[in-house]
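Below is one structure; the comments refer to it alone.
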Amino acid sequence: MEITGIWYNGQSSRGEQVTLRLSAAGHLQVENAGEMVELEINKLSISTRLGKTPRNIQIPSQGHIQCDDSELLDSWFPKTSVIEKWVDWIERRRSAALTAAAITVAGVVLFYFYGIPYAALKVAPMISPKIEAMMSEQVMNVLEMSSVDESSLPKERQAELQAKFKALIKGLDRESEMKLLLRDAPGIGPNAFALPDGTIVVTDDLVKLAKNDEQIVSVMAHEAGHHEHRHGIRQTLESAGILVIAAAVFGDVSGSSLTVSMPMVLLQNGYSRGHELEADDFAFELLIKRGQSPQAFADMFKLMQKELGDVDDGDDKVANYLSTHPASLERIRRAEEAAKKMKK
Ligand SMILES: [Zn+2]
């Protein structure tokens, strides 16, 4: 129960090796080559514990004793200030603190990848259709800049496709919100997209590119999947992050800042890979239910890919929203697998 230290008495620069002990009376005994002095603890002061640095015991008018840090010192010298106690507590739990920090970081990362999409999934149904409508209008406004016009397909052809769309979505949860817009939009080529309010846009070029109506319907099924799964709102919430989700839950959902920022987020980021795959799965299931093979989706996808090429222009907002990326090959493969399963 003793500590060794070096006493710098303030008169010579050389220190003398000493042994420290606590006496029965509670005094600090300092032994130096057989000589012993007793010092009253409450007249001494000790430097704060700071990592592994040596501690200094100040002795009034007799210099100081430097010694390695030791648990004993803490039991001998009562803590004076709250801050000192607190710093000491943290120091002693340095590894615990680091562990806590690591857990926090891991938590944030997990939350980012799983928590936010989950929160978005749960919050999306609470967002009023009015918000979805406002977002859609603004997305449409942006798209209209790349000249989206009324379809130039013959009226009978349009009616035919409208009827096929109605039959496809019949009985879906959000059927009443969905409507098909056929549009002449040379700027975006053979394409289709779903707006958050359930509007599904299919371009004339896509209709013309398709080899048969099943291919067109398969794309409609995919877009219907985006609406059924509320991907418009979910994607926006996920991209905008937890603050917007919190605002949507606790704040004024009709708040203008929310609706203004949402369409831009959507246009800039497009749908995530996860959402695309989810919409694909929805489409395959729906097509099979309607007695149609998902092979049509794979075929249409191949045609679109060939026609559109790599729509991977990072700066083009419209291209991002319409992009069939990422992993188009993977999506074709999945469609073909779904088709094979159907045949069995
Ligand atoms: Zn999609």
Side-chain angles (χ1 to χ4, degrees), residues 117 120-121 124 132 135-136 139-140 142-143 146 148 165 168-169 172 174 177-183 185 188-203 205-207 209-210 214-239 262-263 265-287 292 294 296-313 316-336 338:
L121 177 69
E132 287 180 319
M135 285 175 61
S136 303
V139 169
M140 237 7 222
V142 174
L143 290 175
S146 32
V148 177
F165 178 70
L168 174 74
I169 64 165
L172 295 183
R174 309 188 81 192
E177 296 163 12
M178 284 190 242
K179 65 166 188 272
L180 173 67
L181 283 190
L182 295 165
R183 285 291 178 267
I188 55 178
N191 231 316
F193 51 93
L195 296 176
D197 67 348
T199 302
I200 288 164
V201 179
V202 173
T203 66
D205 285 345
L206 186 142
V207 173
L209 180 69
E214 290 200 342
Q215 292 180 355
I216 303 168
V217 168
S218 76
V219 171
M220 292 173 183
H222 169 87
E223 302 305 336
H226 279 313
H227 191 62
E228 284 286 295
H229 284 295
R230 298 179 194 272
H231 286 161
I233 287 285
R234 279 168 59 194
Q235 184 64 39
T236 310
L237 292 175
E238 284 176 23
S239 313
M262 275 180 163
V265 170
L266 193 56
L267 280 168
Q268 239 138 34
N269 297 301
Y271 288 119
S272 72
R273 176 175 169 275
H275 289 172
E276 291 302 348
L277 298 185
E278 200 171 39
D280 284 353
D281 287 339
F282 177 90
F284 304 156
E285 210 174 291
L286 180 61
L287 290 173
Q292 221 182 284
F297 182 84
D299 296 342
M300 186 74 237
F301 218 91
K302 283 181 205 164
L303 289 172
M304 283 171 74
Q305 243 200 336
K306 215 199 259 168
E307 198 71 18
L308 291 167
D310 247 5
V311 197
D312 205 7
D313 186 348
D316 190 339
K317 288 185 181 112
V318 175
N320 279 347
Y321 187 57
L322 302 173
S323 172
T324 52
H325 286 96
S328 300
L329 285 176
E330 180 194 10
R331 294 176 60 192
I332 290 171
R333 183 185 56 74
R334 290 172 91 252
E336 286 174 338

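One-based numbering, in listed order, for ligands and for the atoms of each. Just the heavy atoms: all of them, side chains too, but no hydrogens, waters or symmetry mates, feed the values below. Sequence positions, counted from 1, serve as the residue numbers for this chain.
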Is any protein N, O or S atom closer than 2.8 Å to the Zn ion (ligand 1), and if so, which? His222 NE2, His226 NE2, Glu276 OE1
Please tabulate, for the side chains in residues 277-285, all donor-acceptor contacts under 3.5 angstrom to protein atoms that are two or more places apart in sequence or on a different chain.
{"unit_1": "Glu278", "atom_1": "OE1", "unit_2": "His231", "atom_2": "NE2", "d": "2.6"}
{"unit_1": "Glu278", "atom_1": "OE1", "unit_2": "Arg234", "atom_2": "NH1", "d": "3.4"}
{"unit_1": "Glu278", "atom_1": "OE1", "unit_2": "Arg234", "atom_2": "NH2", "d": "3.4"}
{"unit_1": "Asp280", "atom_1": "OD1", "unit_2": "His222", "atom_2": "ND1", "d": "2.6"}
{"unit_1": "Asp280", "atom_1": "OD1", "unit_2": "Arg331", "atom_2": "NH2", "d": "3.0"}
{"unit_1": "Asp280", "atom_1": "OD2", "unit_2": "Arg331", "atom_2": "NE", "d": "2.6"}
{"unit_1": "Asp281", "atom_1": "OD1", "unit_2": "Arg334", "atom_2": "NH1", "d": "3.3"}
{"unit_1": "Asp281", "atom_1": "OD1", "unit_2": "Arg334", "atom_2": "NH2", "d": "2.9"}
{"unit_1": "Asp281", "atom_1": "OD2", "unit_2": "Arg334", "atom_2": "NH2", "d": "2.9"}

Less than 4.0 Å between a side-chain N and a carboxylate O, is that true for Arg273 and Glu276? no
Evaluation steps, side chain to side chain contact (heavy atoms under 4.5 Å, CB included), between Leu286 and Gln292: CA-CA 8 Å; Leu286 180 61; Gln292 221 182 284; over 6 Å; no
If you measure from CE on Met220 to CG on Leu206, what distance do you get to the nearest 0.5 Å? 8.5 Å
Test side chain to side chain contact (heavy atoms under 4.5 Å, CB included) on Phe297 and Glu214; report intermediate values, then the result. CA-CA 8 Å; Phe297 182 84; Glu214 290 200 342; over 6 Å; no
Using distance alone, with no hydrogens and no angle criterion, decide if Thr203 and Asp205 have a side-chain donor and acceptor under 3.5 Å apart. no
